[in-house]
Amino acid sequence: MASALQVGAGHEPRELQSGMVAYAAIAALQEPRFVDGVRKAGKGDLARRIAANPGAVMAIPGAEAAAARASGALARQGEALAADGRRVKQASYSLQKQGWSKQKVPNAPGRLARVKSISAAGYSPAAGDQAHLYRAVSEGGRKGGAASAVVQRGVALAALSVLGETARGKALMSEPKSGFCLKVAKLNLYQCLASAGPHYEDIYCLATHAMLEPASCVTDAVKPAKSGVVKASYSR
């Protein structure tokens with residue numbers, strides 16, 4: 001249980017936010033029509049205009065298909081994490097019938113400190129990550145309306161990559177709404193762990209604030225319309 005909690009709490013919100021944009025960009029680059037459209041349009045100050053206004057990338061032929069790929073790729077990851085989170089949350093209730101789960105977590109302050117330390121350390125690459133990434137984004141996109149802010153940034157970053165201007169994409173790697181959502185989810189996790197007593201409450205914290213809330217942040221990030229963010233409060 002302690003190991004699972006550390007794995008689940010290991011994401012760093014700013015890295016995850018940047019990762020969402022980069023993931024969208026990799027998915028967009030799988031769209032041949034878009035790559036070809038960027039190459040044909042890549043004259044003059046296109047890179048500067050896209051970096052200054054990522055929404056401008058949507059005028060490039062193939063951009064809508066690239067955005068659909070990016071949206072689909074992000075949504076699939078968010079939905080898979082949410083499904084896992086629901087199973088873990090149900091387990092937090094089911095396990096209450098077992099005696100060990102009702103025991104107090106030993107050294108709770110130390111456990112919280114370890115979780116914070118792991119989160120601050122950020123992502124550590126593992127064998128097979130790159131291959132898994134490309135398999136995940138190789139699937140097609142989804143039908144939908146306008147591209148969200150995160151997806152537009154991803155498509156813009158993809159265009160800059162095709163143009164050999166990736167250095168201009170640094171400012172595109174964050175998006176305020178999704179960034180705030182991820183930050184609050186992590187703060188909610190810390191608050192939950194600080195107040196948790198028995199082991200089954202740790203499982204609940206993991207499911208709700210390290211899985212379900214970040215998953216919601218990801219799926220909301222592909223929606224162009226207004227959507228809710230995680231509230232900066234914790235209740236159980």
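One-based numbering along the sequence shown.
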Is there a side-chain contact between Ser161 and Leu29 (heavy atoms, below 4.5 Å)?
-> yes

Check: Tyr23 and Val150 side chains under 4.5 Å, non-hydrogen atoms = no

In terms of heavy-atom contacts, Arg168 and Ala51 come closest through O-CB, 3.8 Å

Any donor-acceptor pair under 3.5 Å linking the side chain of Ser92 with the backbone of Ile203?
-> no

Residues that Val105 engages under side-chain contact (heavy atoms from CB on, under 4.5 Å), provided they are two or more places apart = Arg111, His199, Asp202

Thr208 side chain to Cys205 backbone, donor-acceptor under 3.5 Å = no

Identify which one of Glu12, His11, Gln17 satisfies the side chain to side chain donor-acceptor pair (under 3.5 Å) criterion when paired with Arg14.
-> Glu12

Just how far is it from atom OG of Ser174 to atom CE of Met20, taken to the nearest 0.5 Å?
-> 11.5 Å

With hydrophobic residues grouped by side-chain heavy-atom distances under 4.5 Å, do Phe180 and Leu212 end up in a single group?
-> no

SB check Asp36 Arg39 (cutoff 4.0 Å) | no

All heavy atoms of Leu172 vs all of Ala156, minimum pair found to be CD1-CB, 3.8 Å

Roughly how far, to the nearest 0.5 Å, is CZ of Arg87 from CG of Asp84?
-> 4.5 Å

Of all residues at least two apart in sequence or in a different chain, which pass the side-chain contact (heavy atoms from CB on, under 4.5 Å) check with Ala149?
-> Arg153, Glu175

Which residues share a side chain to side chain donor-acceptor pair (under 3.5 Å) with Asp45, sequence neighbours left out = Arg48, Arg49

All heavy atoms of Gln30 vs all of Arg69, minimum pair found to be O-CZ, 3.6 Å

So how far is it from Glu79 CD to Thr219 OG1, rounded to the nearest 0.5 Å?
-> 7.0 Å

Calculate, to the nearest 0.5 Å, the distance between atoms CG and CG belonging to Leu112 and Asn107 respectively.
-> 10.5 Å

Contact check, side chains of Tyr200 and Tyr93, non-hydrogen atoms, under 4.5 Å = no

Identify the two heavy atoms, one from Val222 and one from Ser71, that lie closest to each other, and give their separation to 0.1 Å.
-> CG1-O, 3.8 Å

CG of Leu182 to CG of Leu187: how many Å apart, nearest 0.5 Å?
-> 11.0 Å

Shortest non-hydrogen contact from Ala41 toward Leu46 = O-CD2, 3.4 Å

Gln96 and Ser101: which non-hydrogen atoms are nearest, and at how many Å?
-> CA-OG, 3.5 Å

Do Val218 and Leu81 touch side chain to side chain, with heavy atoms closer than 4.5 Å?
-> no

Met58 side, atom CE; Asn53 side, atom CG - distance, nearest 0.5 Å | 12.0 Å

Can you tell if the side chain of Met173 reaches within under 4.5 Å of the side chain of Leu157, non-hydrogen atoms only?
-> yes

